[in-house]
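Read the structure below first, then the notes.
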Amino acid sequence: MNATHFNITAVERDTGLSKDVLRMWERRYGFPVPERDANGERCYPPEQVERLRLIKRLMDAGHRPGKLIATPVDELAMLAPRRKTSAQAADQPLPGELEGLLTLIKQHDIAGYQQAMQQRLARQGLQGFVQDTVAPLTGQVGDYWEQGRFEVFEEHLFTELTKRLLRQAVAALPAGPREPRVLLTSVPDEQHVLGLLMVEALFALEGAE
């Protein structure tokens, strides 16, 4: 698969449109129009993934998919509802140090991001790290993605590296009997679990399993 293209699993995860829906639209409407990788598997260019995101957002707002697929992408962008960004909601930008963490992601500096995040975890403790670092960063990454300032793979990079840090931090907590036992789950077909890991970390600090 071309490094700038996305397989059908990645498109399903990023857009919220199932593989069956993507294949059905391809047959019925002639969109999306995937290419094929060396193994004959579907792979989708970024501009098609972006259009699928817009279509899904408008479907969630009540529009019909058949009409949306026939609509030019610039018109879709005008129709798509825009949520107020977290920075606008707070009426202030992220602190410079947090903005610097996102710059490391934009530069694809994995080692630098991991080191900076581990230093913040050591300074803040797990609770402060979740509430004052991971939570605002996650909101800003969502805003950057909507604004086109982050590519899909950069959002993935942030998510995967941050999940790894949280899992390591939870695993490092003192062992022993834990109660109560709490079950955390996502809604059907939702594969983004960073929020659940943040909640898990806070529950684990209170002694829950």
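Position 1 is the first residue of the sequence; numbering continues from there.
Under a 3.5 Å cut-off, the side chain of R178 and the backbone N or O of A204 do form a donor-acceptor pair. A side-chain donor-acceptor contact under 3.5 Å links R51 to the backbone of I69. Judged by distance alone, with hydrogens and angles left aside, the side-chain atoms of N39 form no donor-acceptor pair with the main-chain N or O of E41 at under 3.5 Å.
Shown are R53, K56, H156; of these, the side-chain hydrogen bond (donor to acceptor under 3.5 Å, both in side chains) with D14 is made only by H156. Considering T162, T133, V141 as possible partners of L101, the one that fulfils the side-chain contact (heavy atoms from CB on, under 4.5 Å) test is T133.
Side chain to side chain, D37 and H5 fail the donor-acceptor criterion of an N or O pair below 3.5 Å. Inspection of the E99 and T103 side chains reveals no N or O donor paired with an N or O acceptor under 3.5 Å.
To the nearest 0.5 angstrom, L196 atom CG is 10.5 Å from M198 atom CE. I105 contributes atom CD1, which lies 4.5 Å from atom CG of L157 (distance to the nearest 0.5 angstrom).
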Criterion side-chain contact (heavy atoms from CB on, under 4.5 Å) on L202 and L126, from CA distance to verdict: CA-CA 8 Å; L202 297 181; L126 184 53; 6.0 Å; no
Worked verdict on E155 versus Y144 for side-chain contact (heavy atoms from CB on, under 4.5 Å): CA-CA 9 Å; E155 185 271 338; Y144 276 12; over 6 Å; no
Residues V33, E26; criterion side-chain contact (heavy atoms from CB on, under 4.5 Å); working and verdict: CA-CA 7 Å; V33 188; E26 183 183 336; over 6 Å; no
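Across all non-hydrogen atoms, the minimal contact from L68 to M59 is CD1-CG, 3.7 Å. Among all heavy-atom pairs drawn from P32 and Q48, the shortest one is CB-OE1, 3.3 Å. Closest approach of T15 and V49 over heavy atoms only: CG2-O, 4.0 Å. Listed here is the closest heavy atom pair of F150 and L102: CZ-O, 3.8 Å. Among all heavy-atom pairs drawn from L98 and L137, the shortest one is O-CD2, 3.5 Å. The two residues R120 and D132 have their closest heavy-atom pair at NH2-O, 4.2 Å.
Within a 6.0 Å radius of CZ in R64, other residues, nucleotides and ligands contribute 12 heavy atoms or fewer. Applying the 6.0 Å contact sphere to CZ of R181 captures no more than 12 heavy atoms from other residues, nucleotides or ligands. Annotation: F31, atom CZ; neighbour count of heavy atoms from other residues, nucleotides and ligands within 6.0 Å is above 12. Annotation: E206, atom CD; neighbour count of heavy atoms from other residues, nucleotides and ligands within 6.0 Å does not exceed 12. Residue E47 qualifies as enclosed at atom CD: its count of foreign heavy atoms under 6.0 Å is above 12.
For the pair E35/Y44, no side-chain contact is recorded, criterion being any heavy-atom separation below 4.5 Å from C-beta on. Considering only heavy atoms from C-beta on, Q124 stays 4.5 Å or farther from Q131 through its side chain. Residues E209 and P180 form no side-chain contact, since every pair of their non-hydrogen atoms from C-beta on lies 4.5 Å or further apart. In this structure the side chain of L197 never reaches within 4.5 angstrom of the side chain of L184, judged on heavy atoms. With a 4.5 Å cut-off on side-chain heavy atoms, I110 and L104 do not count as touching. Residues R42 and N7 have side chains not in contact (no heavy-atom distance under 4.5 Å, counting atoms from C-beta outward). Side-chain contact check for R23 versus I8: some heavy-atom pair is nearer than 4.5 Å. For the pair T71/I55, no side-chain contact is recorded, criterion being any heavy-atom separation below 4.5 Å from C-beta on.
The cluster map of Ile, Leu, Val, Met, Phe, Trp and Tyr, joined by side-chain heavy atoms under 4.5 Å apart, puts V170 and V193 in different clusters.
A salt bridge between R123 and E97 is present, with a side-chain N of the basic residue lying under 4.0 Å from a carboxylate O of the acidic one.
Listed by chain and residue number, K106 satisfy the salt bridge (Lys or Arg N to Asp or Glu O under 4.0 Å) test with E154 (two or more places apart in sequence, or in another chain).
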